[in-house]
Visitor: 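Quick one: structure below, then a few questions.
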Number of protein chains: 2
Amino acid sequence: MNKVWKALDDPTRRRILELLRSGPRSAGELGAEFDMSAASMSHHLGTLADAGLVEREKKGQFVYYELNTTVFQDLLEWILAMKGQDR
Amino acid sequence: MNKVWKALDDPTRRRILELLRSGPRSAGELGAEFDMSAASMSHHLGTLADAGLVEREKKGQFVYYELNTTVFQDLLEWILAMKGQDR
DNA sequence: TAGATATTTAGAATATCTTCTAAATATCTA
DNA sequence: TAGATATTTAGAAGATATTCTAAATATCTA
């Protein structure tokens, strides 16, 4: 969970996740949405992948990234526990 | 929301929130649970308060901290949107 | 009031994070 | 195969975060 919280603590990475809601996108396609070098984008994508929030799939010369929604379950439970205050 | 994500990206602060689930506690009571100076604890509590995740109330020489669960609603919605993938 | 206790603020040291450029690797196409 | 495109890796600069000690502020109690 530590890596998940870390990964989510960055506006660029959260925006990447939001973009991926509409389906898988390549590193280049994602990068086109940001004013940032491809290397920096790759770094962010690596952070998200490390945390398990996205999965990568190489297709020819492109690398596609896709949301992995299963990881959000733990987050959700933590937050629900906080909201519920033990209930 | 930026400050909220930032505040949650630290194990000490998340643990503080978990401790507060059982009710308000003073800075000193919270500090006793960690191997950390009172000054550092105060810093973390300030970060949580800035993000709106806790509220402070001074009572005599003590300062009590209490969970503010309303802030978790936005987080919850963001995560549910991610899990739902637009559905 | 003086001293003790609780907490915060100030300032500094160290570690971590974000971003960059340059270079490396992989794949595609003429 | 050579060159073009896509992506990642390496290494460094600058910004931000975490923690500490020392000192400041507020409140309590003898």
Side-chain angles (χ1 to χ4, degrees), chain A residues 1-20 22-68 71 75 78, chain B residues 1-20 22-68 71 75 78:
Chain A
M1 282 287 285
N2 232 310
K3 282 186 178 180
V4 174
W5 289 112
K6 179 72 59 194
L8 292 173
D9 176 22
D10 182 274
T12 299
R13 289 192 293 264
R14 291 196 299 275
R15 181 87 188 102
I16 289 170
L17 294 176
E18 287 163 4
L19 288 169
L20 290 177
S22 55
R25 301 243 230 148
S26 73
E29 286 167 338
L30 290 167
E33 303 285 337
F34 301 87
D35 182 19
M36 184 179 292
S37 72
S40 295
M41 273 305 290
S42 182
H43 165 78
H44 284 306
L45 291 168
T47 300
L48 290 169
D50 264 10
L53 287 161
V54 301
E55 295 189 340
R56 3 160 77 108
E57 186 184 2
K58 181 146 193 177
K59 279 190 184 174
Q61 74 199 128
F62 302 93
V63 177
Y64 283 88
Y65 286 86
E66 179 171 12
L67 264 189
N68 175 19
V71 178
L75 267 185
W78 190 87
Chain B
M1 281 288 286
N2 233 311
K3 283 187 176 181
V4 175
W5 288 112
K6 179 71 59 195
L8 292 173
D9 176 22
D10 181 275
T12 297
R13 289 192 291 265
R14 290 196 301 274
R15 181 86 186 101
I16 289 171
L17 294 176
E18 287 164 3
L19 289 168
L20 290 177
S22 54
R25 301 245 230 146
S26 72
E29 286 167 341
L30 290 167
E33 303 284 337
F34 300 87
D35 183 18
M36 183 178 289
S37 71
S40 294
M41 274 305 291
S42 182
H43 164 79
H44 284 306
L45 290 168
T47 300
L48 290 169
D50 264 10
L53 287 161
V54 301
E55 295 188 343
R56 4 161 77 111
E57 185 183 2
K58 181 147 192 177
K59 279 191 184 173
Q61 74 198 131
F62 303 95
V63 177
Y64 283 88
Y65 286 87
E66 178 169 13
L67 264 189
N68 175 18
V71 178
L75 268 184
W78 190 86

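Numbers restart at 1 for each chain; the letters A, B, ... are given by sequence-line order, proteins then strands.
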Visitor: Among dT8(D), dC20(C), dT8(C), which nucleotide sits nearest the side chain of Tyr65(A)?
Guide: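 The answer is dT8(D).
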Visitor: From the list dA26(C), dT19(C), dT18(D), which nucleotide is the closest neighbour of the side chain of Lys58(A)?
Guide: dA26(C)
Visitor: Here's a test of your reading of the structure: between Asp9(A) and Glu29(B), which maps to the more 5' nucleotide of DNA chain C?
Guide: Glu29(B)
Visitor: Short question: side chain of Asn68(A), backbone of Glu55(A) - any donor-acceptor pair under 3.5 Å?
Guide: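 No: the side chain of Asn68(A) does not pair with the backbone of Glu55(A).
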Visitor: Between atom CG in Leu45(B) and atom C1' in dA6(C), what is the gap in whole Å?
Guide: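 Taking atom C1' of dA6(C) as the reference, CG of Leu45(B) is at 13 Å.
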Visitor: Which nucleotide in the set dT18(C), dT7(D), dC20(D) lies at the smallest distance from any side-chain heavy atom of Arg13(A)?
Guide: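 Out of dT18(C), dT7(D), dC20(D), the nucleotide with an atom closest to Arg13(A)'s side chain is dT18(C).
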Visitor: Of all the choices, dT21(D), dT19(D), dC28(C), which nucleotide is nearest to the side chain of Gln61(A) once you look at every atom?
Guide: dC28(C)
Visitor: Give one of base, sugar-phosphate or nothing for Ala27(B), where a contact means two heavy atoms less than 4.0 Å apart.
Guide: sugar-phosphate
Visitor: Find the partner of dT21(C): check Watson-Crick (N1-N3 plus N6-O4 or O6-N4) and G-U wobble (N1-O2, O6-N3) distances, both under 3.5 Å, and reply none if neither fits.
Guide: dA10(D)
Visitor: Any donor and acceptor pair, going by atom type alone, linking the side chain of Arg25(A) with main-chain N or O of Leu30(A) inside 3.5 Å?
Guide: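 Not a single qualifying donor-acceptor pair exists.
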Visitor: Could you check which of dT5(C), dT18(D), dA6(D) has an atom nearest any side-chain atom of Phe62(A)?
Guide: dA6(D)
Visitor: Classify the nucleic acid contact of Ser26(B) as base, sugar-phosphate or nothing, counting any heavy atom under 4.0 Å across all strands shown.
Guide: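 Sugar-phosphate, backbone atoms only, no base.
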Visitor: About how many Å separate CG of Leu17(A) and CG of Leu67(A), when rounded to the nearest 0.5 Å?
Guide: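 Those atoms lie 6.0 Å apart.
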Visitor: According to the interplanar angle, ranging from 0 to 90°, do the rings of Trp5(A) and Trp5(B) count as parallel (below 30°), tilted (30 to 60°) or perpendicular (above 60°)?
Guide: tilted
Visitor: CZ of Arg56(B) versus P of dT7(C): gap in Å, rounded?
Guide: 11 Å
Visitor: Whole angstrom is fine here: how far is it from CZ in Arg25(B) over to P in dT7(C)?
Guide: 12 Å
Visitor: Under 4.0 Å, heavy atoms only, any strand: does His43(A) hit a base, just the sugar-phosphate, or nothing?
Guide: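 Since a base atom lies under 4.0 Å of His43(A), the category is base.
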Visitor: Could you give me the CA-CA distance, side-chain angles and deciding distance for Leu75(B) and Met1(B), then say whether side-chain contact (heavy atoms from CB on, under 4.5 Å) is met?
Guide: CA-CA 8 Å; Leu75(B) 268 184; Met1(B) 281 288 286; 3.9 Å; yes
Visitor: Return the value, rounded to whole Å, for the distance between atom CG of Asp10(A) and atom P of dA15(D).
Guide: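 For the pair Asp10(A) CG and dA15(D) P, the rounded distance is 17 Å.
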Visitor: Name the closest nucleotide to the His44(A) side chain, picking from dT27(C), dT8(D), dT19(C).
Guide: dT19(C)
Visitor: Which part of the nucleic acid does Met41(B) contact within heavy-atom distance under 4.0 Å: base, sugar-phosphate only, or nothing?
Guide: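 Counting heavy atoms under 4.0 Å across all strands, no contact is made by Met41(B).
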Visitor: Of all the choices, dT18(C), dT7(C), dT9(C), which nucleotide is nearest to the side chain of Ala39(B) once you look at every atom?
Guide: dT9(C)
Visitor: Taking atom C1' of dC20(C) as reference, at what distance in whole Å does atom CZ of Phe34(A) sit?
Guide: 17 Å
Visitor: How do Tyr64(A) and Lys6(A) order along DNA chain D: which one's closest nucleotide is nearer the 5' end?
Guide: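 First, find each residue's nearest nucleotide; the 5'-ward one identifies Tyr64(A).
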Visitor: When you compare the side chain of Trp78(A) with that of Val4(A), does any pair of heavy atoms fall below 4.5 Å?
Guide: no
Visitor: Would you mind pulling out the nucleotide paired to dA30(C), Watson-Crick or G-U wobble, both distances under 3.5 Å?
Guide: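 Per the H-bond distance test, dT1(D).
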Visitor: How do Ala38(B) and Thr12(A) order along DNA chain C: which one's closest nucleotide is nearer the 5' end?
Guide: Ala38(B)
Visitor: Can you tell me if the side-chain N/O atoms of Ser40(A) get under 4.0 Å from OP1 or OP2 in dT19(C)?
Guide: no
Visitor: Using atom CG of Asp50(A) as one end and atom P of dC17(C) as the other, report the distance to the nearest whole Å.
Guide: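 Answer to the nearest Å: 12 Å.
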Visitor: Whether Ser37(A) contacts dT19(C) is assessed here as follows: a side-chain N or O lying under 4.0 Å from the phosphate OP1 or OP2. Is that the case?
Guide: no
Visitor: Rounded to the Å, how far apart are Leu30(A) CG and dA6(D) C1'?
Guide: 13 Å
Visitor: Find the distance Asn2(B):CG to dT16(D):P and express it as a whole number of Å.
Guide: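 Taking CG of Asn2(B) and P of dT16(D), I get 12 Å after rounding.
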